[in-house]
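Report on the structure given below.
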Amino acid sequence: METETATRWLTDDEQCAWRTHLDVSRLLMHQLEKDLQPFGLTNNDYEILVNLSESPDRRMRMSDLAAATLQSKSRLSHQITRMENASLVRRVNCESDRRGLYAVLTEQGMETMQKVAPHHVASVRKHFIDLLTPEALADLRESLSPVADHLRGHRGKP
């Protein structure tokens with residue numbers, strides 16, 4: 001015999017917290033994207049530049065970069081093609097695996113990163129960090145860490 005589970009609807013407080021989170025996430029990402037536009041970059045471009053700039057030899061396997069940026073391999077491939085056309089990155093064959101490819105940050109990509117990063121950090125400060133007290137930031141990190149940990153554990157799972 002099947003047992004039916006009742007839906008646990010959100011309380012008013014839970015729904016308010018959830019919708020506030022959604023609003024902040026959408027509005028903040030929209031604003032950060034808008035602040036990157038004068039540099040000809042999207043949030044996805046910037047995230048790729050950050051990942052590559054922080055990697056050994058400024059390179060990552062395409063499959064690892066796709067996982068790090070939560071993009072499908074196909075979507076990342078299109079993104080990298082666009083960034084190659086802008087001379088920000090290049091693809092290099094993997095010596096140890098003929099089928100593998102690396103995305104490599106070019107000198108122009110690194111120069112772009114160094115030029116854009118101070119503006120991006122200023123935008124993050126203006127629209128997020130500086131609006132919260134140090135205590136609120138600590139509380140936010142503590143509150144969201146279990147959610148992030150839970151979701152990292154479910155990546156790739158249905």
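Basis for what follows: all heavy atoms, side chains included, without hydrogens, waters or symmetry-related copies.
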Checklist entry - Are more than 12 heavy atoms from other residues, nucleotides or ligands located less than 6.0 Å from atom CZ of R19? => result no
Checklist entry - Looking at residues at least two apart in the chain, or sitting in another chain, which of them share a side-chain hydrogen bond (donor to acceptor under 3.5 Å, both in side chains) with D23? => result R26
Checklist entry - Quick one: side chain to side chain contact (heavy atoms under 4.5 Å, CB included) partners of Q108, sequence neighbours excluded? => result S87, T106, T112
Checklist entry - Judged by atom type as modelled, is there a donor-acceptor pair below 3.5 Å linking the side chain of N51 to the main-chain atoms of E47? => result yes
Checklist entry - Quick one: CG on L27 to NZ on K34, what's the gap to the nearest 0.5 Å? => result 11.0 Å
Checklist outcome for this item: CG (L137) and CG (L131) are apart, to the nearest 0.5 Å, by 9.5 Å
Checklist outcome for this item: Contacts of M29 meeting side chain to side chain contact (heavy atoms under 4.5 Å, CB included) (sequence neighbours excluded), chain-then-number -> L32, N43
Item to check | Evaluation steps, side chain to side chain contact (heavy atoms under 4.5 Å, CB included), between M62 and L76 | outcome: CA-CA 8 Å; M62 290 284 286; L76 178 66; 4.1 Å; yes
Checklist entry - Nearest heavy-atom pair of V50 and M113: which atoms, and what distance? => result CG2-CE, 3.2 Å
Checklist entry - NE2/H78 to CG/N44 distance, rounded to the nearest 0.5 angstrom? => result 13.5 Å
Item to check | Co-membership, hydrophobic cluster, residues L88 and Y102, 4.5 Å side-chain | outcome: no
Next on the checklist: Show, in sequence, the C-alpha distance, side-chain angles and deciding distance for I80 and L101, and conclude whether the side chain to side chain contact (heavy atoms under 4.5 Å, CB included) test is met.
Outcome noted: CA-CA 11 Å; I80 293 296; L101 286 174; over 6 Å; no
Checklist outcome for this item: Hits for side-chain hydrogen bond (donor to acceptor under 3.5 Å, both in side chains) against Q79, two or more places apart or cross-chain, chain-then-number order -> D45
Could you tabulate the donor-acceptor pairs under 3.5 Å formed by side-chain atoms of residues 117-127, not counting sequence neighbours?
| from | atom 1 | to | atom 2 | distance (Å) |
| --- | --- | --- | --- | --- |
| S123 | OG | D35 | OD2 | 2.5 |
| R125 | NH1 | D130 | OD1 | 3.0 |
| H127 | NE2 | D35 | OD2 | 3.4 |

For residues 140-149, dump all side-chain donor-acceptor pairs below 3.5 Å to protein atoms at least two apart in sequence or in another chain.
| from | atom 1 | to | atom 2 | distance (Å) |
| --- | --- | --- | --- | --- |
| S143 | OG | D139 | O | 2.8 |
| S145 | OG | R141 | O | 2.7 |
| D149 | OD1 | R152 | NH1 | 3.1 |

Checklist entry - Any side-chain donor paired with an acceptor under 3.5 Å for R75 and T69? => result no
Next on the checklist: Do V92 and I48 sit in one hydrophobic cluster, given that two such residues count as connected whenever their side-chain heavy atoms are within less than 4.5 Å of each other, even indirectly?
Outcome noted: no
Next on the checklist: Using the rule given for side chain to side chain contact (heavy atoms under 4.5 Å, CB included), can you reason through D12 versus C16, listing the C-alpha separation, both sets of side-chain angles and the distance that settles it, and then say yes or no?
Outcome noted: CA-CA 6 Å; D12 288 346; C16 183; over 6 Å; no
Checklist entry - Shared ILVMFWY cluster between L49 and V104, side chains joined below 4.5 angstrom? => result no
Checklist entry - Under a 4.5 Å side-chain heavy-atom rule over Ile, Leu, Val, Met, Phe, Trp and Tyr, are F128 and L36 clustered together? => result no
Next on the checklist: Do Y46 and L28 land in one hydrophobic cluster if side-chain heavy atoms of ILVMFWY residues count as linked below 4.5 Å?
Outcome noted: no
Item to check | Expected output: side-chain R61 to main-chain C94 donor-acceptor under 3.5 Å | outcome: no
Checklist entry - Is the backbone of T11 close enough, under 3.5 Å, to the side chain of E14 for a donor and an acceptor to pair up by distance? => result yes
Checklist entry - With no hydrogens and no angle check, is any side-chain donor or acceptor of S55 less than 3.5 Å from a backbone partner on R58? => result no
